[in-house]
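One structure is given below, encoded as structure tokens.
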Amino acid sequence: MMIGARPGTMSGLRRIIAAAMARDLCAFVVPGLDVARAHGLNLVAVGLHLAATPRHANVLLIVGKLPPGLAEAASVAYAQMPRPRAILALGARDIAPLPVADAIGDLSQAGLAAALADLRAVFASGAFAPRVTQFEAPVLQIRIEYTCPMHPEVVSDEPGSCPICGMTLVPGETSASAHAGHAGHGNHAGPAKEAAMPAHAPAMPSASHDHSKHAAAPAQYTCPMHPEVLSDEPGSCPKCGMTLVPVEDTKSGESGHSAHGGHASHGDGSHGGQDHSMHGGHSGHGGGETIAGIEPHFMSMVGLTRDMPASPDGLRMDWIDVPFGPFFPGLPAGLDLNLTLDGDTVVKTRVRSLLNAGPALADRAIPNDLCDRLAALVPLAPVAMRELACRALESAADAQEAPDAAVARAAAVERERIVSHLGWLAGFAGQTGMVWLERRAAALQLVLRASPVDEIARRAGSVRALMSRVRATPLMKAKLAGIGLLDNDASVGGPVGRASGRQEDARARDPVYTALGFAIVTQTGGDALARLHQRCDEIAQSQDLIASAGAIAFPASSYIGKISGEGRAEIETPRGPAQLELSLENGRIASARLTTPFAAQIDLIDGLTAQTELADALTAIGSLDLDPWEVQA
């Protein structure tokens, strides 16, 4: 543990502490539990505790190769973990910008167990070290950049003048990757600090005197509600958190009246019994709305909130942007979600995937490699992607699979649908606080992931009993009814569309499924509760389809020769329809285009969450079962 050890000599009591730590490891899983379960990893079975945040973990468990965006976010998570800490990598050796892993294993349950044994030995012998190496996430490293106070879009790495207005650029700190956006922590692209006044900070009202000959940059900043708070730099009030606003130089100690010719002083302020607020020619001194008995720097809330955005109820409040992801519990790994909040109400939602498709599907690919490449691209639905690739290749070659083999391959896709819906149910239950359901659904997911037909039949009763219990749980209805309401006009397929009553399913157009007696199952509610019931019904339907098929065969492509042609295929994945179009030239893939449900689903989110409370918005997003790995390729 050259990077993660805690400073100190390993001796005496520390050896006992290190041995205890080695037996009680707590892991923060990257990309997430959904990906770990999709690979068949049972983390609890090997004695790992699971942490929802990096600050409660001492092991960063990396599952598979991380795309660049997630690797940067993982480095931030590792930097937040307390020492002693370690990295356990499964199926990946190059994990930069993270340090070298303390233990490495294959991406399998056996590989996990072996690597974990090595990691325990590392903890027992190296939890403390006389000299330790510091780790700083590159994305958090600070550098100085210069920007224009009047034109914050002007950014430079060197001091100089603004090319627009000629003003001197002022320095500010920013992260090392500010121009590219802060991967894993919302959309923080652009200058980290603007030298200009904050966007919602109101300007101090000017007095009735002509101040043009006294114009100068404000020397101090004060709080509108606490004038005793003074600062040489802009910021927030330490008492109430309000934005500090600029004031004129107060060195003279005068209350509300700066020296302006013959008006430098008004004696005792009485003017023969006259109130200052009624004194002709002096209205507006000290901040605009001056009232007798009120502090001279006081600004009314009307003036303070004048430039702030208005809520639907007419109140003006400062809106804040709050990032969620890419490792937020209850949301899919890799989802970069940014919510603009008005209080606890969502005003605007921005969402994107931090995962990238990598090289083009046709890049140096031969047909036999396409199935593996597509399966690796979408780890939450690898079987469906394999079947999609097989069908597209067969379409290009004008070849047909034998009927029995085609039915067995369809059964494999249905088994994955059961497993995927159970995985979603486990994650969704964790998000809503139903621990019993999370554990039960996750256990069934791991058991059924590679089960043969007879094992699926033997477990069918347990699965149906769980689905019945889920439906009958009063808390589910209380939490989900009316949340994330969609009508059947929404241009989205899959369980989300069918839960709104939309009669759309690619399996209805497939002769293989027609032979199995498939019929579209729908709901009418269109809310999060209906989407839960839809997936419960689809699990039961998939069990029946597998029983009708009588066999399960792993989709695999056969060598189709050096042919040329174009092919197209469509398949109903667990989350909706996916299409693959490709062309072959002399047995090589010349071009390929993949379309997945993810893009259509994220288009729903802004309208789905607008003007909803934060908790309800997160529940609505979780009910969609988004897969950020389903990027277009």
Side-chain angles (χ1 to χ4, degrees), residues 29 31-38 50 52-53 186 322-339 341 344 346 349-355 380-381 420-442 445 470 473 475-486 490 492 494-500 523 525-536 538-539 574-576 597-598 600-610 612-630:
V29 184
L33 287 175
D34 53 351
V35 177
R37 288 194 296 259
L50 302 178
T53 69
V322 183
F324 293 86
F327 308 129
F328 189 78
L331 294 180
L335 190 71
D336 182 22
L337 179 66
N338 194 289
L339 303 179
L341 299 181
D344 63 349
V346 177
T349 303
R350 294 169 298 282
V351 61
R352 65 188 178 106
S353 172
L354 285 182
L355 309 170
L380 297 185
S420 177
H421 287 350
L422 287 172
W424 167 82
L425 185 59
F428 194 59
Q431 181 188 15
T432 53
M434 306 188 72
V435 179
W436 69 269
L437 179 56
E438 179 184 13
R439 292 175 177 172
R440 184 59 180 151
Q445 177 191 13
V470 168
T473 302
L475 189 59
M476 280 293 189
K477 184 175 182 179
K479 284 190 173 186
L480 306 181
I483 301 299
L485 191 62
L486 290 172
V492 63
V496 174
R498 292 190 288 274
S500 302
Q523 306 290 321
D527 56 6
L529 183 63
R531 292 190 275 278
L532 171 69
H533 290 172
Q534 177 67 30
R535 294 187 179 96
C536 290
E538 290 191 4
I539 287 174
R575 293 165 182 82
F598 179 71
Q601 289 177 335
I602 63 173
D603 287 343
L604 301 173
I605 293 179
D606 195 30
L608 199 67
T609 59
T612 63
E613 293 185 359
L614 175 60
D616 291 343
L618 293 176
T619 298
I621 295 171
S623 72
L624 296 178
D625 190 17
L626 300 172
D627 182 6
W629 298 88
E630 290 183 338

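Residue numbers count from 1 along this sequence. This is a predicted model, so every value here is computed, not measured.
- Within the 4.5 Å cutoff, the side chain of Leu355 has no heavy atoms near those of the Phe598 side chain.
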Can you give me every donor-acceptor pair (side chain of residues 427-441, partner residue at least two apart or in another chain, under 3.5 Å) with its distance?
{"from": "Gln431", "atom 1": "NE2", "to": "Leu618", "atom 2": "O", "distance (Å)": "2.8"}
{"from": "Thr432", "atom 1": "OG1", "to": "Phe428", "atom 2": "O", "distance (Å)": "3.0"}
{"from": "Thr432", "atom 1": "OG1", "to": "Ala429", "atom 2": "O", "distance (Å)": "3.2"}

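- Side-chain contact check for Pro323 versus Asn338: some heavy-atom pair is nearer than 4.5 Å.
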Test side chain to side chain contact (heavy atoms under 4.5 Å, CB included) on Val35 and Trp629 and set out the steps. CA-CA 10 Å; Val35 177; Trp629 298 88; 3.7 Å; yes
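- Between Arg352 atom CZ and Leu335 atom CG the span is 10.0 Å, to the nearest 0.5 Å.
- In this view, Thr473 satisfies the side chain to side chain donor-acceptor pair (under 3.5 Å) rule with no residue, not counting sequence neighbours.
- Here the CD1 atom belonging to Ile621 is positioned 12.0 Å from the CD1 atom belonging to Ile483, to the nearest 0.5 angstrom.
- The heavy-atom pair separating Gln445 from Gly423 by the smallest distance is OE1-CA, 3.4 Å.
- Listed by chain and number, the residues in a side chain to side chain contact (heavy atoms under 4.5 Å, CB included) with Ala38 are Leu380 (sequence neighbours excluded).
- With values rounded to the nearest 0.5 angstrom, Glu538 atom CD is found 4.5 Å from Arg498 atom CZ.
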Can you give the donor-acceptor pairs under 3.5 Å from side chains of residues 602-610 to other protein atoms, not counting sequence neighbours?
{"from": "Asp606", "atom 1": "OD1", "to": "Thr349", "atom 2": "N", "distance (Å)": "3.0"}
{"from": "Thr609", "atom 1": "OG1", "to": "Thr349", "atom 2": "OG1", "distance (Å)": "2.7"}
{"from": "Thr609", "atom 1": "OG1", "to": "Ile605", "atom 2": "O", "distance (Å)": "2.9"}

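- Once rounded to the nearest 0.5 Å, the distance linking CG of Leu626 with CH2 of Trp424 reads 11.5 Å.
- To the nearest 0.5 angstrom, Leu341 atom CG is 5.5 Å from Leu614 atom CG.
- Taking each heavy atom of Pro332 and Asp34 in turn, the nearest pair found is CA-OD2, 3.8 Å.
- In this structure, Thr619 and Lys479 have side chains that are not in contact, with every pair of non-hydrogen atoms separated by 4.5 Å or more.
- With rounding to the nearest 0.5 angstrom, the OG atom of Ser623 is 8.0 Å from the CG atom of Leu480.
- Applying the salt bridge (charged side-chain N to carboxylate O under 4.0 Å, His left out) test to pairs two or more places apart or on separate chains, those with a residue in residues 617-628 are Arg575-Asp625.
- Residues passing the side chain to side chain contact (heavy atoms under 4.5 Å, CB included) test with Ala481, sequence neighbours excluded: Lys477, Asp527, Leu529.
- Shortest non-hydrogen contact noted between Ala617 and Thr612 is CB-OG1, 3.5 Å.
- Nearest heavy-atom pair across Pro597 and Glu630 is CD-OE1, 3.3 Å.
- Panel note: side chain Arg531, backbone Gly526; a donor-acceptor pair is recorded below 3.5 Å.
- Taking the side chain to side chain donor-acceptor pair (under 3.5 Å) definition, one finds that Arg535 meets it with nothing, sequence neighbours left out.
- Counting only heavy atoms from C-beta outward, the side chains of Cys536 and Val470 approach each other to under 4.5 Å.
- Nearest heavy atoms, Pro628 versus Ala333: CG-O, 3.4 Å.
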